[in-house]
Amino acid sequence: MPPSKTRFITACQQVLALGVVLAALTPAASVISLDVVRESPSGAPRAAASTAEFSAYTRASARKSVVPTQEVDPKVTEYSLTAPPHARVRPGQLEARTGVGELPGSTQLTSRPEAVVGYGAVGVTWEHGVEAPEDQLSFEVRTRTGEDWSDWMTLAYDADHGPDPGSAEGKHSRPGTDALLVGDVDQVQVRALSVRGRIPADMKMAVIDPGKQSRTAVEAPAYDTGTMDGSSEPAPTTDAAVGTAPATGTDAGDTDALDLQAAVYTPKPVIYSRAQWGADERLRDPGSLHYFEVHAGFVHHTVNANDYTRAEVPGIIRSIYAYHTQSRGWSDIGYNYLVDRFGRIWEGRYGGIDRPVVGAHTLNYNDYAFAMSAIGNYDIHQPSSAMVQAYGALFAWKLSLHGVDASSSKQWVGSRYFQAINGHRDAASTACPGRYLYAKIPQIRTLAAAAQRGWSGRELESDLASTPHPDLVVRRASDGKGFVIPTGGLTGFRSPVSVPVDGADSVVASPDLTGDGKADLVARTADGVATVHPGDGAGSFGSAVKQISAFVGRDLLTAVGDLNGDGHNDLVARRVSDGRLELYRGNGVGGFSRRALQDGWSGYDALAATGDLDGDGRPDLLARDGSGHLWRVPGAGGLRLGTPVQLPGSWGRYSSITGFGDFTGDGRPDLLAVQKGKPGVIRPLRADGSFGHPLGQISRVTHAASVSAVDVTGNPAADLVVRTGDKVAVFPNAGTFELGQPIPTGTSLSGANRVFNAGDWDRDGHGDLIFRNKRGVLKLRQGDGQGHFGAAVTIGKGFGGVGLLAAVGDMTGDGYPDLMGQPSGGAIRIYPGKGVQGLESSYVAHGRIDAGTQVPVGRWDSDGSPDSLFRQGSKLTLFPGNGPGGLTDPRSLSLDLAPYDWVIGVSDVKLTGHPDLIVRARKSGYLWLIPGTTQGFGKRRFLGEGMGAYDLAG
């Protein structure tokens, strides 16, 4: 893309994103001040970077520069100084003479003076595979301007600066010195000194002319990393076309709506592109471009002149590029980024500024790190404040992309531990990056740590129905209609509130007994005397308003609602002496009148009520017999009960069974059942009047002496009133649940063969869905936040042969969710999303993966980057993410998936910071939650039943 057409972030966007310390498009005086406390990628609180800390870089980044507007061809002229191995050379053929050095046994080689064209540079290389230690071989250079020769200057030689030996690039690279900028001179001459008397074969002197730019423009940096993923890599050919969405009524440039939903970013540097230094892309080797991982960053310097002007910098970079590719035999310029003394950052090696492009900068660590090199020699010169601050900004951003805490002191980089930010000398015996720049590395670490906000991409989003908890989108098999099934954070209760009721042997919470519309409490002492305490509707109870002795000699005291239909709530209890069940008719002011209800209840050991169970409009009773069978005893109105009906299931293990209330939010009354010494569970009422599979794990009632459930806090869900020891407490319901009722989406998915919960694909604040039809077309349906979706918009074509396709969250870090999939016979690829505009060019995320399905999970391994799981039969394999570069080396996870036919990755169900899996049991249609943990997986939790009615889910 031409620099003039590159998108830049607006000042409004910078403020809304709360992440931009570097006000790249504002005048130097208009610096945005941030006063926020944020977390590092590791979660530790961290003070915000102040405006002053980046003021020099802010000014530098706001200033435009003169840059070439077309490729500029550098010229490298090489002069042979020693003969190639086994070559026969005629006298006078070589451009050097050799002689005895000053030290005994040493040899000195001196080149002929050679002409320099343009603002030139010089370097020396020799035969591949011959690494001469720096203490045995040294180089010097001098220049002539007019009639005057300069003094001899050291030509830096660093054997640890280059591609890794085992890499494709390293197999044909030539050892050599760094390129020294000699500037605008007439001639140059080099000499080499070997203390052991041997000069390497095939030694050549390279004189580099950076070329002259014929057309220039004054431009801002082409890459503002706050607005785009920064990649300049074209997509290799694939059988999956990426397509573009047709025009719609949505304004893709609506930045206010966009940024109100955008992620919070690390402050973003601005970077001049390769095109802006005039890179001739024909010089590099495209086939050698590859990606791996980023675990740390290295600070380098180029070891050349320090007195260059702003206008000379593009030529200096072209000289380094030409020397690296044409003389050293590297595939591209060695550094990922370069920074000049003015604080301007320049794109180095090709492949995408935001991706883990493997460079040739730090021998043996290139696969696991990136590097930025300071243009100049900082062994003899102090770096500017703007340069140091540029390092802080770039390293904060780049490390955050790959989930690395800039303050980390222990990063595994290939074969050993490093800090997150290092000097080249920390990895090798070298002076790089010079003593003065190396001394600034602690400051660079501090700046980067203060600026860093963590991975700039967004987590996997799964919310479709206006709650923060993830949802599923499913297709009903019978008619192809789509539904959203919400999750609700799992049943839970808040911290207890003590109730001022003393001396109670048991307590029973009941719907309103005193006539004020609020739930009340009946407390009974060991001798059977009871008191009624009015509720305040906020979870507490007042002093007793009634003292009742009518419960003496009774057990199984239970709240039953308005059993006799007179408009007042009642209680029931059993007379111990003969097993007669009695009704205590409420009078609406806390009093009761006792009436016989039914004989023959001696065989029951538990009694509960939770409202109307059979749908006839009258409250019913539940009774458990001595064999553990549960019976529904229908209410028949007045003082009559119907014939008991046995309910399925085994109920003998429960020490307590109680109502009154709807725990699941489906409008039907449920039971709370407690097994001694174990967490309580919810038994949800089914439509047929039976009770379903246990839900929840309510540990707060494990050791309770008595438990009752009713709404005492004024919320729609039932709260718990618990007596433990001599204390009584209310546990307010958190309003969370396992699964909500299916929401009809209003869409048909009958033509789909894959459906994805895409998260907020268009960044309008609401979750969206994507489906693939049988022709391989990807369609987007934009959500309204309530589980409903609009008309289908085409966002991609040619995806019929793409396997492992999944919506993976924001992998690229540009604020938009992305897709990932594997074209038939190819490698797995990232398809960057751009909302309703469709998809950008795809790129390789990893080699071919042999798996059945992809299970995107967001940040699974807590390193900050989105990860993916892949199901391979009954096994699950984790491929950790490496920021926008994609996926890295896999590892198996210990989870047996054999019983499940659905395995769906979702964002964290309980909102505690770790993604989870939702699975469906193939035989029963049960839906289970498998919670993710930092160590792997927790114990599975039952979510719901009846999922066998659906044949597609995402």
Side-chain angles (χ1 to χ4, degrees), residues 66 72-83 89-103 106-126 137-157 176-195 199-200 203-214 278 301-323 326-327 340-341 375-381 434:
V66 177
V72 181
D73 295 329
K75 181 180 179 182
V76 179
T77 304
E78 293 189 321
Y79 303 92
S80 294
L81 305 182
T82 61
V89 180
R90 298 190 302 273
Q93 185 176 352
L94 298 175
E95 306 291 333
R97 65 178 185 273
T98 57
V100 178
E102 294 182 0
L103 297 175
S106 66
T107 299
Q108 180 174 290
L109 177 148
T110 306
S111 75
R112 297 175 184 174
E114 300 293 350
V116 177
V117 178
Y119 202 82
V122 65
V124 176
T125 67
W126 56 90
L137 187 64
S138 60
F139 302 86
E140 292 180 313
V141 62
R142 67 174 183 170
T143 62
R144 184 181 68 81
T145 305
E147 299 299 323
D148 299 322
W149 282 95
S150 70
D151 294 333
W152 287 99
M153 302 170 286
T154 299
L155 186 58
Y157 163 45
T177 69
D178 290 322
L180 178 68
L181 184 71
V182 294
D184 191 7
V185 299
D186 296 325
Q187 286 185 316
V188 65
Q189 188 177 29
V190 299
R191 66 184 182 188
L193 178 66
S194 171
V195 298
I199 299 292
M203 184 177 286
K204 297 178 181 180
M205 177 178 70
V207 179
I208 305 104
D209 170 12
K212 188 173 182 179
Q213 50 215 38
S214 58
H301 69 160
T302 61
V303 203
N304 49 28
N306 297 93
D307 58 352
Y308 50 84
T309 67
R310 292 172 61 89
E312 290 166 346
V313 170
I316 294 172
I317 300 175
R318 290 196 302 272
S319 293
I320 298 171
Y321 174 50
Y323 180 62
Q326 306 307 295
S327 294
D340 61 34
R341 67 189 183 97
I375 299 173
N377 185 344
Y378 295 97
D379 205 39
I380 60 174
H381 199 281

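We count residues from 1, following the sequence as given.
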Applying side-chain contact (heavy atoms from CB on, under 4.5 Å), run through Val117 and Lys75 and close with a yes or a no. CA-CA 9 Å; Val117 178; Lys75 181 180 179 182; over 6 Å; no

Could you walk me through whether Val124 and Val141 pass side-chain contact (heavy atoms from CB on, under 4.5 Å), step by step? CA-CA 10 Å; Val124 176; Val141 62; over 6 Å; no

Can you list the steps and then say if His301 with His381 is a side-chain contact (heavy atoms from CB on, under 4.5 Å)? CA-CA 11 Å; His301 69 160; His381 199 281; over 6 Å; no

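Looking at Thr110, its side chain never comes within 3.5 Å of a backbone N or O of Arg191 through a donor-acceptor pair. Under a 3.5 Å cut-off, the side chain of Thr143 and the backbone N or O of Ser150 do not form any donor-acceptor pair. Using modelled atom types, one side-chain atom of Thr302 and one backbone atom of Gly376 make a donor-acceptor pair closer than 3.5 Å.
Here the options are Asn377, Leu181, Ile375, the test is side chain to side chain contact (heavy atoms under 4.5 Å, CB included), and the partner is Asn306; only Asn377 passes. Remark: of the listed residues Val303, Val190, Leu155, Leu155 is the sole one forming a side chain to side chain contact (heavy atoms under 4.5 Å, CB included) with Leu180.
Taking Asp340 as the reference, Arg344, Trp346 meet the side chain to side chain donor-acceptor pair (under 3.5 Å) condition, with sequence neighbours excluded. Here Gln326 pairs with nothing under the side chain to side chain donor-acceptor pair (under 3.5 Å) rule; sequence neighbours left out. Under the salt bridge (Lys or Arg N to Asp or Glu O under 4.0 Å) criterion, Asp186 pairs with no residue, sequence neighbours left out. Partners of Asp184 according to the side chain to side chain donor-acceptor pair (under 3.5 Å) rule, which considers only residues two or more places apart in sequence or in another chain, do not exist here. Legend: residues meeting salt bridge (Lys or Arg N to Asp or Glu O under 4.0 Å) with Arg142, ordered by chain and number and at least two apart, are absent.
Residue Leu137 comes nearest to Tyr157 through the heavy atom pair O-CD2, 3.9 Å, listed as atom of the first residue, atom of the second, then distance. Heavy-atom minimum distance, Trp149 versus Pro113: CH2-CB, 3.8 Å. In plain terms, the two heavy atoms of Trp126 and Gly176 that are nearest each other are CZ3-CA, 3.7 Å. When all heavy atoms of Ala83 and Leu94 are compared, the closest pair comes out as N-CD1, 3.8 Å. Across all non-hydrogen atoms, the minimal contact from Tyr323 to Thr125 is OH-CG2, 3.5 Å.
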Atom pairs and distances, donor-acceptor, side-chain atoms in residues 203-212, under 3.5 Å, two or more places apart:
residue, atom, partner, partner atom, Å
Asp209, OD1, Gly211, N, 3.0

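Note that CG of Asp151 is 10.0 Å distant from CD of Glu140, once rounded to the nearest 0.5 Å. The distance from the CD atom of Glu114 to the CD atom of Gln189 is 9.0 Å, given to the nearest 0.5 Å.
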